[in-house]
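Working notes, beginning with the structure itself.
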Amino acid sequence: MDFKKLASSLLVVGFDGQKPTPEARELIAQGVTGAILFKRNVGEASQTAGLCAELKQEARRPFLLCVDQEGGRVARLRGGCFTEVPPMRSIGSRSDEALAQDVGRLLAREVRAAGFDVDFAPVLDVDTNPANPVIGDRSLAREAEAVARLGVAVAKGIESESVASCGKHFPGHGDTAQDSHLTLPRLPHDMKRLREVELVPFAAYAKARLASIMTAHVVFEALDPEIPATFSSKVLTDLLRKELHFEGVIISDDLEMKAVADRYDMGEAAVRSVLAGVDLLLVCHKPDRQQKAIDGLAHEAEKSQAFRRRLEDAARRVEDLRARFAAPPRPVAEALAVLETPEHRALGLRVRNAGALTTGADPTAAASRTS
């Protein structure tokens, strides 16, 4: 068995610049499942669509391209033919499931036109802490039931356009006062509170049988007081798989975030994540860390038959995700043409105007922007 190829299939990687780097090309040849693009990778629409097509052609196999396109301040695709989608808080304040589903359809249609297969949205965190530095208006609401109802609607809208959604950040990043990009947050809530607030949207997402859930690099003291959720089988296997009955792909948040990278060797982090229940690992920046993650998984698989079975189980789920959502490359002009249709422009106008009405902006001004 080629342990390195098996290990590679559990990674989504990032790279610098607007062209694939030699290291990225090497990882693609090695068998990684996909790539994630950030602001550093994208320019105007035709460049982004061309880069996505190039990556898929390089892979010569179903290859998942991923992006964070939530709307509001977290939107990698901006300007030109891409719609300025309001923050989810302004959408949530309308409490309109049909609107939320339209938002999901709009996001998915635009990321698909650019060449992406997975949108890391919606945020299912309940924004119960006004001092939260990382979630805030990315959350649909401050009430758990509203986030559940509207978050599932957004996700269903995304998947109606044959793009995978990803609910994040399990089991809930909404009440933290620290940013896991920079440090390791801890939450002291008891299980009663978690079941009444943080877990409600994820339970609804799991019940709706949607595609994927992303982990939080947060310590939940009532669940596992020693380690972040990403590394905890009590959180990911016992709670998410067994109690909430989630059947989709579990994706780690970026393992290079300081909450993890400052505390764990990358090979150890990869192994611990997979043992806990993660199926697909994000390693978004440095080629040496991406290779360490692969080597760590491969080495552990060589030593342990039980770990090898766990890798194979994760790889099957990832392959199912690719089979459902990874689209072949398309000519750039043909792919982007959908964004110029009257039907799509009308959808963008509807979403922008809804956001403008909730923020007090002039909907006429919103309507005048290029979709």
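FYI, the numbering just counts along the sequence from 1. When reading the values below, keep in mind they use all heavy atoms of this one structure, side chains included, and skip hydrogens, waters and symmetry mates.
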Which value, rounded to the nearest 0.5 Å, describes the distance between L37 atom CG and F15 atom CZ?
5.5 Å

Is K292 salt-bridged to E268, cutoff N-O under 4.0 Å?
no

For the atom pair OG1 (T341) and CD (E343), what is the distance rounded to the nearest 0.5 Å?
5.5 Å

Does S304 use its side chain to pair, donor to acceptor, with the backbone of E300 at less than 3.5 Å?
no

E312 bridged to R316 by N-O distance under 4.0 Å:
no

Can you check whether R105 reaches L347 side chain to side chain, under 4.5 Å on heavy atoms?
yes

For the pair L255 and H217, evaluate side chain to side chain contact (heavy atoms under 4.5 Å, CB included) and give the outcome as yes or no after the intermediate values.
CA-CA 9 Å; L255 293 182; H217 300 327; 4.1 Å; yes

If you define the side chain from C-beta out and look only at heavy atoms, does anything of R138 sit under 4.5 Å from V74?
yes

With F220, which residues qualify under ring pair (Phe, Tyr, Trp, His ring centres under 6.0 Å), at least two apart?
none

Side chain S90, main chain P87, donor-acceptor under 3.5 Å:
yes

Would you call R308 and E302 a salt bridge, using N to O less than 4.0 angstrom?
no

Find out whether V118 and V111 are in side-chain contact, i.e. whether some heavy atom of one side chain is under 4.5 Å from a heavy atom of the other.
no

Is any side-chain heavy atom of H344 closer than 4.5 Å to one of E110?
yes

Using residues 278-288 as the side-chain source, report each donor-acceptor pair under 3.5 Å to any protein atom, sequence neighbours left out, with the distance given to one decimal.
unit_1	atom_1	unit_2	atom_2	d
D279	OD1	R310	NH2	3.2
D279	OD1	R317	NH1	3.4
D279	OD2	R241	NH2	2.7
D279	OD2	I250	N	2.9
H285	ND1	R40	NH1	2.8
H285	NE2	D254	OD2	3.3

Any carboxylate oxygen within less than 4.0 angstrom of a Lys/Arg side-chain nitrogen, looking at R322 and E319?
yes

Are side-chain N/O atoms of R109 and S162 paired as donor and acceptor at under 3.5 Å?
no

Heavy-atom donor-acceptor pair, T33 side chain to V12 backbone, under 3.5 Å:
no

Could you check whether E84 pairs with R78 (Lys NZ or Arg NE/NH1/NH2 to Asp/Glu carboxylate O, under 4.0 Å)?
no

Using a cut-off of 6.0 Å, state whether more than 12 heavy atoms not belonging to E221 lie near its atom CD.
yes

Please lay out, stage by stage, how E243 and D238 fare under the test side chain to side chain contact (heavy atoms under 4.5 Å, CB included).
CA-CA 6 Å; E243 182 175 327; D238 296 346; over 6 Å; no

Straight-line distance of T215 OG1 to D253 CG, nearest 0.5 Å
6.0 Å

Side chain to side chain donor-acceptor pair (under 3.5 Å) between R345 and T83, intermediate numbers included
CA-CA 9 Å; R345 286 179 178 274; T83 304; over 6 Å; no

For F202 and F246, I'd like to know if the aromatic rings sit close, meaning centre-to-centre distance below 6.0 Å.
no

Residues in side-chain hydrogen bond (donor to acceptor under 3.5 Å, both in side chains) contact with S233, at least two apart in sequence or another chain
none

Which value, rounded to the nearest 0.5 Å, describes the distance between L51 atom CG and K56 atom NZ?
11.5 Å

What distance separates E70 CD from L140 CG, expressed to the nearest 0.5 Å?
10.0 Å

Indicate yes or no: at least one non-hydrogen side-chain atom of V219 is less than 4.5 angstrom from one of D224.
no

